[in-house]
Number of protein chains: 2
Amino acid sequence: MERLPTVLDVGRVAGVSRQTVSNVLNSPEVVRPDTRARVEAAIAELGYRPHASARRLRTRRSSTIGIRLDPMANGISGSVHDRFLHSLTEQADSFGLRIMLFTALDPQDEIRQIRRMHEGSDVDAFVLTSTMFGDPRTEWLVEHGIPFVTFGRPWGIDDMNDPLHRWVDVDGHTGLRLATAHLLAEGERRIAYLGWPSPSGTGDDRRRGWRDEMERASGLSREELDRLDLRVDDGVAEGRETVREAIERGSRFDAIVCASDSLALGALLMVGPDIPVIGYDNTPVAQAVGMSSVEQPLDEVASGVLALIMRPEADVDDIGHRLIEPRLVIRHPRLRPELG
Amino acid sequence: MERLPTVLDVGRVAGVSRQTVSNVLNSPEVVRPDTRARVEAAIAELGYRPHASARRLRTRRSSTIGIRLDPMANGISGSVHDRFLHSLTEQADSFGLRIMLFTALDPQDEIRQIRRMHEGSDVDAFVLTSTMFGDPRTEWLVEHGIPFVTFGRPWGIDDMNDPLHRWVDVDGHTGLRLATAHLLAEGERRIAYLGWPSPSGTGDDRRRGWRDEMERASGLSREELDRLDLRVDDGVAEGRETVREAIERGSRFDAIVCASDSLALGALLMVGPDIPVIGYDNTPVAQAVGMSSVEQPLDEVASGVLALIMRPEADVDDIGHRLIEPRLVIRHPRLRPELG
DNA sequence: TCCCTTGGTTTGATCGTTCAAATAGTCGCT
DNA sequence: AGCGACTATTTGAACGATCAAACCAAGGGA
């Protein structure tokens, strides 16, 4: 393998110094147009590419962002993370950024990994997912002055507007409000909510979306709504069993909105295609079985994350977060076997 | 942010030169044990981490491998790629490697991206997935002497043993043989195969697994087997319709083995839980609906890929590929709604 | 004419590491 | 004692880029 050309080689061909070549690349406006053209021609001729590591060594920044691969890739909802990652990677390029992966066993381990990568100057910003109450990772990052953006808002009391914590999130409250309103408009009245036990930042937010819309427009009493409020940990089997128990307890409902596609699939397997079920995340599973779902616009989330990462620290005028509106995808399931 | 410690700082504390510190890190065996201990103490005391970019600049290698994120068009089966990526990332660490992502629109674009990353010395080896007949990517990589390993064997005639093309793959033939044999052992006889149209390297390999086992042990005639050999492009709806048409044509079968979980889910939605259906990939969907499936041991694939990447070029003794045995996961689906 | 500005370009130094060659220090052998 | 062989460690140089400061013309104003 022959030696790759350097700024020096390009300069030699264009008849300028190495620094001028560097300027053409990094601040073209300071170079006279005709010189610039000559240099660009030389770059094209030699097929020159700046050496990323050399640049990083000098500038002390890597233009690389780290993101942890979600460990629970095996669950249905893993696909949200994957699709987000895809959007992020796709768009990172246009911001001049690269994505580097890592894995971690738990939040403490994640902090250790982040520290390692940061100190090796491999990565200069991080994207965190799955934020939780009093997240130790964000505290640590703020404390150490390492830039980061989270997908998922901080769930502490005052944290939402903390300028040191930049975040992008999808408005789950609106998502469930939309789903519920759609069903009400279709004439359903007793709409159940199948979600996760409290406290759960994301989950409670989604529940409130359902509850607010129901209180506004369903005409059901608070007691009735309480009975339609089903709670269980995430999972297909869990969703199925919880709905079964509710039915056996004598609950009746016209439709179900859910905190996740896993729960929704469980519900759908239980009640069949005649009772509308709306999931959350619009995963491949929802597509596959033709189930309605609330879709998170992950492209928008990704571009929001990247924009916040690139934003200079000093820019205090702009708010440090983006709350993105989800969108309802309506489908008509045909789950019941149609044989014979 | 204060300046991070360098080899020089460590050397100062330990009372040795920078090179000795470097030696402790890279070839500890050349350093006298007591000196080594002193240096290691100093490293720990200062919390020193080598600066990755500086090292890369000097050594002219990045210890980073690039992998393209699959376009998410493939729906359900996308999770295979994701789980593979996860295993790869997890294990890369222990090989001292890092994973960098990129996306591309098509093989030509992928080559362009690879070229860019390689010339920037960002990445020094690539992992390719979804190999195809006469893959332009592998040809290009071989031609340019860029190290790579594919997940998926090369499908050309003589390519399987080409020492320049290192690969890891899962033995789909065995996978379908296992699935078919299991069903035969359970007493099923008329076992259909639902797969993709020929030519398809992976698909044809899997079909032969089914066919070989059926010819060996089912006692059915070739003509009967031909009628049980269903072919359609991947997809849930496609699988469902193909099975429906077969039934309407008068075909009868006791069980179905499939080339993918998407097809299998379609089949399952058509025939219901009383006819066994076995998918391929053991995706989250299969888990969710309780469908049997052939599982690819992605951890083994990942470690095989990494081992081959690390292997020095000269090592011609060892074969340049690994063929890994899949494993059958049996489940009992409960797809039919049990309401009422 | 002389000095000061301004825009464009070049030169010297540096980022943190490792390679290659040079330098001490030890030992054994004649 | 003197020499070569060997081991452990140090020194000089380089990897390829950018920062900061210096340089050089060309103009403009006094």
Side-chain angles (χ1 to χ4, degrees), chain A residues 1-40 42-43 46-64 96 116-124, chain B residues 1-40 42-43 46-64 96 117-122 124:
Chain A
M1 266 185 284
E2 77 283 27
R3 203 177 60 83
L4 293 171
T6 74
V7 270
L8 216 66
D9 301 314
V10 175
R12 201 146 32 219
V13 169
V16 297
S17 74
R18 51 181 211 286
Q19 181 61 34
T20 299
V21 178
S22 171
N23 285 338
V24 168
L25 264 57
N26 300 300
S27 25
E29 70 281 1
V30 309
V31 181
R32 218 169 48 203
D34 59 326
T35 322
R36 179 158 75 222
R38 254 188 5 263
V39 172
E40 276 162 354
I43 288 177
L46 298 179
Y48 165 79
R49 291 276 158 203
H51 191 291
S53 294
R55 170 179 284 172
R56 296 209 260 264
L57 171 59
R58 185 64 246 235
T59 60
R60 311 187 66 55
R61 93 183 64 151
S62 68
S63 298
T64 299
R116 242 174 40 131
M117 300 180 81
H118 183 73
E119 288 178 347
S121 301
D122 253 344
V123 170
D124 41 32
Chain B
M1 267 188 280
E2 79 282 29
R3 203 177 61 82
L4 292 169
T6 75
V7 271
L8 217 66
D9 300 315
V10 175
R12 202 144 33 218
V13 169
V16 297
S17 73
R18 50 180 213 285
Q19 183 61 33
T20 300
V21 177
S22 171
N23 286 337
V24 168
L25 265 58
N26 300 300
S27 25
E29 70 281 3
V30 309
V31 181
R32 219 170 47 206
D34 58 327
T35 320
R36 180 158 76 221
R38 259 195 354 267
V39 172
E40 276 162 354
I43 288 177
L46 297 179
Y48 164 79
R49 292 276 160 203
H51 191 289
S53 294
R55 169 179 284 174
R56 293 209 259 264
L57 171 59
R58 183 65 246 229
T59 60
R60 313 187 64 55
R61 92 181 64 149
S62 67
S63 297
T64 299
M117 300 179 81
H118 183 73
E119 289 180 346
S121 299
D122 255 343
D124 41 32

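Each chain gets a letter, A, B and so on, in the order its sequence line appears, and its residues count up from 1. The analysis underlying the following values was restricted to heavy atoms, covering all of them including side chains, and did not include hydrogens, waters or symmetry mates.
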Checklist entry - Where do A:T20 and A:R38 land on the side chain to side chain contact (heavy atoms under 4.5 Å, CB included) test, with the steps shown first? => result CA-CA 11 Å; A:T20 299; A:R38 254 188 5 263; over 6 Å; no
Next on the checklist: I'd like to know if B:D122 pairs up with A:R56 as an ion pair, taking the criterion as any Lys NZ or Arg NE/NH1/NH2 lying under 4.0 Å from an Asp or Glu carboxylate oxygen.
Outcome noted: yes
Next on the checklist: Counting C-beta onward and ignoring hydrogens, is there a side-chain heavy-atom pair between B:V39 and B:V31 closer than 4.5 Å?
Outcome noted: no
What pairs of nitrogen or oxygen atoms, one from the protein and one from nucleotides 21-23 of chain C, lie under 3.5 Å apart?
none

Item to check | Stepwise side chain to side chain contact (heavy atoms under 4.5 Å, CB included) check, B:L25 with B:I43 | outcome: CA-CA 10 Å; B:L25 265 58; B:I43 288 177; 3.4 Å; yes
Between [N] ([atom2]) and [X] ([atom1]): distance, integer Å:
X	N	atom1	atom2	result
A:L46	D:dG16	CG	P	14 Å
A:R60	D:dG16	CZ	C1'	16 Å
B:R56	D:dA17	CZ	P	15 Å
A:H51	D:dT18	NE2	P	12 Å
B:L25	D:dT9	CG	C1'	16 Å
B:L57	D:dA13	CG	P	18 Å
B:L4	C:dC15	CG	P	13 Å
B:R12	D:dT10	CZ	P	14 Å

Next on the checklist: To the closest 0.5 Å, what do you measure between CD (B:E29) and CG (B:N23)?
Outcome noted: 8.5 Å
Next on the checklist: Rounded at 0.5 Å granularity, tell me how far CZ in A:R60 sits from OG in B:S53.
Outcome noted: 9.5 Å
Next on the checklist: More than 12 heavy atoms of other residues, nucleotides or ligands under 6.0 Å from CZ of A:R36: yes or no?
Outcome noted: yes
Checklist outcome for this item: Rounded to 10°, the helix from C:dT1-D:dA30 to C:dT30-D:dA1 deviates from straight, judged by its five-pair end axes, by 70°
Between N or O atoms, less than 3.5 Å apart, protein on one side and nucleotides 8-12 of chain C on the other: list the pairs.
| residue | atom | partner | partner atom | Å |
| --- | --- | --- | --- | --- |
| C:dT9 | OP1 | A:T35 | OG1 | 2.4 |
| C:dT9 | OP2 | A:R32 | N | 3.0 |
| C:dT10 | OP2 | A:S17 | N | 2.9 |
| C:dT10 | OP2 | A:S17 | OG | 3.0 |
| C:dT10 | OP2 | A:T20 | OG1 | 2.6 |
| C:dG12 | N7 | A:R18 | NH2 | 2.9 |
| C:dG12 | O6 | A:R18 | NH2 | 2.5 |

Item to check | Closest heavy-atom pair and its distance - B:A42, B:A14 | outcome: CB-CB, 3.9 Å
Item to check | Verdict with reasoning, B:Y48 to B:V13, per side chain to side chain contact (heavy atoms under 4.5 Å, CB included) | outcome: CA-CA 12 Å; B:Y48 164 79; B:V13 169; over 6 Å; no
Next on the checklist: Heavy atoms only, 4.0 Å cut-off, all strands: where does B:R36 land among base, sugar-phosphate and nothing?
Outcome noted: nothing
Item to check | side chain to side chain contact (heavy atoms under 4.5 Å, CB included) between B:T6 and B:H51, worked out | outcome: CA-CA 8 Å; B:T6 75; B:H51 191 289; over 6 Å; no
Item to check | Residue pair B:D124 / B:S62, side-chain donor-acceptor N/O under 3.5 Å | outcome: yes
